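Working notes for the structure below.
Quick caveat, the model's predicted, so the values are computed rather than measured. Only heavy atoms go into these numbers, but all of them, side chains included; no hydrogens, no water, no symmetry mates. One-based numbering, in listed order, for ligands and for the atoms of each.
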Amino acid sequence: MKSILVIGAGYVGLVSAISLAHLGHRVICLDIDINKIEQLQLGNSPIYEPGLELLLETCVQSQALSFTASYDEAFMCKPSAIIVAVDTPMGNNGYCDISRVEAVAQSIGNQINSDCVVIIKSTVPVGTNRKIEAILTTSALEKYKIDVISNPEFLREGAALHDFMHADRVIVGVRSERAEEIMRSIYAPLLNSSPKTKFLAMDPESSELTKYAANSMLAMRISFMNWLSRIADKTGANIDCIREGIGSDRRIGTAFLQAGLGFGGSCFPKDIEALKQIALDLDIGADLIYAIQDINSSQRTHFARTVLEYLETHSKTEPKVVSIWGLSFKPNTDDMREAPSLDIIEYLVKRGISVQLFDPIAMDHAYRTISNQSWYDPNRIIWAKTPLEAVENSDALLLITEWDLFKQIDLKELKTKMRNPSVFDGRNFFSIDEMEYYGFSYFSIGRSKAQEIDPLQDIGGEKEFSYVPIKRKTH
Ligand code: UGA
């Protein structure tokens, strides 16, 4: 059992702290946000994550886990491992802003009172470990034996506990055998209980870059499929068949090949942008990343324009009403960051469409986010209490986030509630046959069988899909 201090009670920090306490370590979690700490001490999680609050309560009750907002208190237990999990937002010009990690390193340097390892779990650009070593060298490294270690996190929101406890791999970027051994012992309970988890030791630079590489590779797969879905639409092919066809090749696999409205969230957009900046700084070029980003953003506009085009020809009433199911950037989270719903709602509201919104979990976050937008119009945006309330008298239903709940809706009833029973399925969530059986006009992504209109048709206005000219950075 180790005494571990986790700094930062955000997504990664909190899930790591709770999981490590559950695995048998004595963990104290520090965050400078006193309100958050007070809530956590009461057993209330600031984030929605399946299973998290229950485990939080158990770990706090068993005293394996405690919370504090004070560095003095945190260092009283002489932690042998300090995990840095503060956020690294996108800074100016797309660069990853590591100032919070640096500030934490400074505080650690001022407080350190025993030999320990400092583990950087925040997502950081290559070379950050070196910078943190330098900060600690000037403050504390001479007095105590300290190793700085890179240990990126690969958990997904909505499946965070599972991903931590059953990780495909634990990556540690280390410069000494001692550091590797300490990391092995921290993760020993996990490696024992999850035999498929690989423990990979490498240098910190490779470890730092692996994190960006993983997210960029996944984002690339999604954009590739979304690009291909447009070819499927034009040619009468079905993107789901193609996914199965290529995914059956063991070299490819089916994961992250789901065509839809593209990726959102706090990670992919931020990390691919940061990798782009790293490449541009090194004068390597970043054409691939530009294409991933362009396809991802145009996918949303493309979808919204398809809906608008449909309404213009199929609905005579004014104002036209669109229902939206699913607001968070993906299911099982209330996270609204970079959610496709935001761009789609903005697009429609700005063009005079009224929208009726529903999400099973993210309504509060969505309200806070949307009501702060310059385009927010309370007369055009209705917050529904149930999925069926959201579709009352509407001209089109847009499925934006694929919450399981929507599978339970009685499609017959759904049809009777709508003014015009048309469904635009942004996640290929429903079956084409079922929707046809119930008599919906049904449109999905890259599954052309039921397309009534050509969704790629150019209806004028801004250019909907283009490869941007590669902007080269001037030094
Ligand atoms: C992602 C990575 O999957 C994690 O490994 C990583 O740790 C995390 O970022 C991070 O850097 O912290 P997350 O952003 O929580 O996790 O969500 P994902 O489940 O990866 O989904 C990302 C987006 O891709 C979502 O908007 C989802 O709807 C979309 N997606 C995913 C698709 O459009 N198609 C797919 O086939 C899969």
Side-chain angles (χ1 to χ4, degrees), residues 8 10-16 19 47-50 52 85-90 96 121-125 151-164 166-171 208-229 239-240 242-244 246-247 252-275 292-293 295-297 299-300 303 326-344 362 399-403 425-429 444-446:
Y11 228 100
V12 169
L14 190 57
V15 172
S16 304
S19 303
I47 49 172
Y48 173 78
E49 183 63 37
L52 195 72
V86 292
D87 55 334
T88 47
M90 195 191 293
C96 174
K121 225 179 220 315
S122 305
T123 299
V124 290
N151 177 216
E153 188 47 63
F154 298 98
L155 54 83
R156 291 163 301 167
E157 290 185 21
L161 282 176
H162 173 273
D163 286 358
F164 191 96
H166 305 278
D168 291 335
R169 76 301 209 188
V170 170
I171 292 190
E208 289 168 336
L209 195 50
T210 300
K211 168 70 190 191
Y212 285 120
N215 277 359
S216 302
M217 170 71 83
L218 294 171
M220 181 178 74
R221 285 169 69 99
I222 297 167
S223 276
F224 175 75
M225 290 307 278
N226 285 336
W227 172 75
L228 207 62
S229 72
I239 196 71
D240 286 350
I242 299 167
R243 176 177 182 238
E244 205 185 341
I246 60 173
I252 299 174
T254 50
F256 280 76
L257 292 183
Q258 181 65 52
L261 292 171
F263 55 82
S266 67
C267 307
F268 285 1
K270 172 172 82 75
D271 291 353
I272 63 171
E273 180 63 29
L275 184 59
I292 296 170
Q293 292 174 321
I295 294 167
N296 198 53
S297 64
Q299 190 76 353
R300 302 171 182 194
F303 183 77
L327 300 171
S328 55
F329 85 92
K330 65 171 190 174
N332 296 324
T333 178
D334 59 356
D335 198 335
M336 289 296 298
R337 286 173 290 180
E338 305 277 338
S341 63
L342 296 172
D343 288 336
I344 292 164
L399 188 295
I400 306 284
T401 315
E402 66 278 33
W403 287 92
D425 182 350
R427 299 289 176 182
N428 292 354
F429 185 68
S444 52
I445 308 283

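With a 4.0 Å cut-off on non-hydrogen atoms, R427 touches ligand 1 through its side chain and not its backbone. When heavy-atom distances to ligand 1 are checked against a 4.0 Å cut-off, F268 comes that close only through its side chain, counted from C-beta outward. Here N215 has side-chain heavy atoms under 4.0 Å from ligand 1, and that is the only part of it that gets that close.
The closest donor-acceptor contact from the side chain of D425 to the backbone of F429 lies under 3.5 Å. Looking only at distances, a side-chain donor or acceptor of N151 sits under 3.5 Å from a matching main-chain atom of I171. With R427 contributing its side chain and I400 its backbone, the two residues share a donor-acceptor pair below 3.5 Å. E49 contributes a side-chain N or O that, together with a main-chain N or O of G158, makes up a donor-acceptor pair within less than 3.5 Å.
For the residue pair S341 and G326, the shortest heavy atom distance occurs at CB-O, 4.0 Å. Nearest heavy atom pair, residue K121 against residue S16, reads CD-OG, 3.6 Å.
Of the candidates L155, I222, T123, it is L155 that places a heavy atom closest to atom 8 (C) of ligand 1. When the heavy atoms of Y212, Y11, F256 are ranked by distance to atom 31 (C) of ligand 1, first place goes to F256.
The shortest heavy-atom distance from G265 to ligand 1 is not under 4.0 Å. A heavy-atom separation below 4.0 Å is not found between E402 and ligand 1.
Proximity to E153 (heavy-atom distance under 4.0 Å) selects the following atoms of ligand 1: 7 (O). Ligand-side atoms of ligand 1 in range of L257: 36 (O), range being under 4.0 angstrom from any heavy atom. The atoms of ligand 1 that sit less than 4.0 Å from any heavy atom of G262 are 26 (O), 33 (O). Taking every non-hydrogen atom of E157 and a distance limit under 4.0 Å, the qualifying atoms of ligand 1 come out as 15 (O). The distance from ligand 1 to the heavy atoms of D271 drops below 4.0 Å at these ligand atoms: 11 (O).
Geometrically, ligand 1 and R156 share no nitrogen or oxygen pair separated by less than 3.5 Å. For ligand 1, one of its N or O atoms has an N or O atom of F154 under 3.5 Å away. Residue G264 has at least one N or O atom closer than 3.5 Å to an N or O atom of ligand 1. The distance criterion of under 3.5 Å between nitrogen or oxygen atoms is met by K211 with respect to ligand 1.
Here the heavy atom of the protein found nearest to atom 18 (P) of ligand 1 is K330 NZ, 3.5 Å.
With a 4.5 Å cut-off on side-chain heavy atoms, Y11 and E153 do not count as touching.
The aromatic rings of F263 and F268 lie perpendicular to each other, with more than 60° between the two planes, well past the 30° mark.
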